[in-house]
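Comments concern the structure below.
Everything numeric here is computed off the predicted structure, so don't read it as measured data. Every number for a ligand or one of its atoms is a count from 1 in the order of the listing.
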Amino acid sequence: MTTIFSKIIQGQLPAEKVFENARILAIKDLHPVAPVHILIMPKKNIPDLQSLEEEDLPLLQEIFLVAKRLAKEFKVENGYRFLTNNGPLAGQTIFHLHFHLIGGKQLTHGLG
Ligand code: AMP
């Protein structure tokens with residue numbers, strides 16, 4: 001499926017990249033909900049967490065390490081949220097797997 005993120009990955013749409021290698025891309029969220037709001041995604045076309053296959057697990061490992069590295073780089077390592085929305089009921093709007101790294105302010109406890 002073609003999404004905004006697959007177009008960004010292919011260089012067809014602009015984005016503020018904060019990390020990139022052959023497998024992973026991290027960009028600043030266009031509509032940040034906190035001073036630090038980064039989206040970390042695999043370049044592989046995986047729509048959501050429910051579509052993840054066992055062979056994709058190394059990508060998840062790498063994404064978590066990228067999150068840790070970016071949290072330090074953006075100085076939020078003492079308090080941030082790292083999450084993915086799976087499916088419309090959870091608020092997923094772009095169906096290319098991505099993880100939100102959110103921090104830089106006191107986050108409210110509400111997750112529902
Ligand atoms: P989700 O609702 O979990 O699917 O998250 C999608 C996120 O993508 C939202 O936080 C949007 O603000 C963000 N977003 C939408 N379009 C862009 C874009 N072109 N560049 C960066 N972030 C975007």
Parallel, tilted or perpendicular, as decided by the 30° and 60° cut-offs, for the rings of F5 and H98: perpendicular
query: Contact between A15 and ligand 1, counting heavy atoms under 4.0 Å?
result: no
- request: Could you list which atoms of ligand 1 come closer than 4.0 Å to a heavy atom of I27?
  value: 21 (C)
- prompt: Which residue holds the protein heavy atom closest to atom 16 (N) of ligand 1, what is that atom called, and what is the gap in Å?
  reply: I94 CD1, 4.0 Å
field: Option of least heavy-atom distance to atom 18 (C) of ligand 1 (set: L83, T3, L30)
entry: L30
- prompt: If you look at every heavy atom in D48 and L97, which pair is closest and at what distance?
  reply: C-CD1, 3.8 Å
message: Checking contacts here: is it the side chain or the backbone of H98 that comes within 4.0 Å of ligand 1, counting heavy atoms only? Could be both or neither.
response: side chain
Sub-3.5 Å N/O-N/O distance, N85 and ligand 1: yes
- request: Decide, yes or no, whether a salt bridge links K43 with E20 under the criterion of side-chain N to carboxylate O below 4.0 Å.
  value: yes
field: Interfacing atoms of ligand 1 (cut-off 4.0 Å, heavy-atom, I4)
entry: 19 (N)
- request: Between I8, D29, L13, flag the one that comes closest to atom 11 (C) of ligand 1 by a heavy atom.
  value: D29
message: Distance under 4.0 Å to a non-hydrogen atom of K28: what atoms of ligand 1 satisfy this?
response: 21 (C)
field: Nearest heavy atoms of T3 and F95, plus distance in Å
entry: CG2-O, 3.7 Å
- line: All heavy atoms of G103 vs all of A34, minimum pair found to be O-CB, 3.4 Å
- request: Give the numbers and elements of all ligand 1 atoms closer than 4.0 Å to a heavy atom of H31.
  value: 12 (O)
Minimum-distance pair of heavy atoms, taken over all atoms of P32 and H37: CA-ND1, 3.5 Å
query: side-chain contact (heavy atoms from CB on, under 4.5 Å) with L70: which of L65, I40, V76?
result: I40
task: For ligand 1, note which part of T93 has a heavy atom under 4.0 Å away: side chain, backbone, both or neither.
output: both
- request: Consider ligand 1: state whether an atom of it lies below 4.0 angstrom from any non-hydrogen atom of F5.
  value: yes
field: Any N/O pair L39/ligand 1 closer than 3.5 Å
entry: no
message: Which of the numbered atoms in ligand 1 are under 4.0 angstrom from any heavy atom belonging to G91?
response: 1 (P), 2 (O)
query: Run the salt bridge (charged side-chain N to carboxylate O under 4.0 Å, His left out) check on E77 and R69 step by step: do they pass?
result: CA-CA 9 Å; E77 69 267 37; R69 172 176 160 172; over 6 Å; no
- line: In short, Q50 meets N86 closest at the heavy-atom pair N-OD1, 3.0 Å
query: Any nitrogen or oxygen of Q92, main chain or side chain, under 3.5 Å from a nitrogen or oxygen of ligand 1?
result: no
Donor-acceptor pair, side chain of Q12 and main chain of I4, under 3.5 angstrom: no
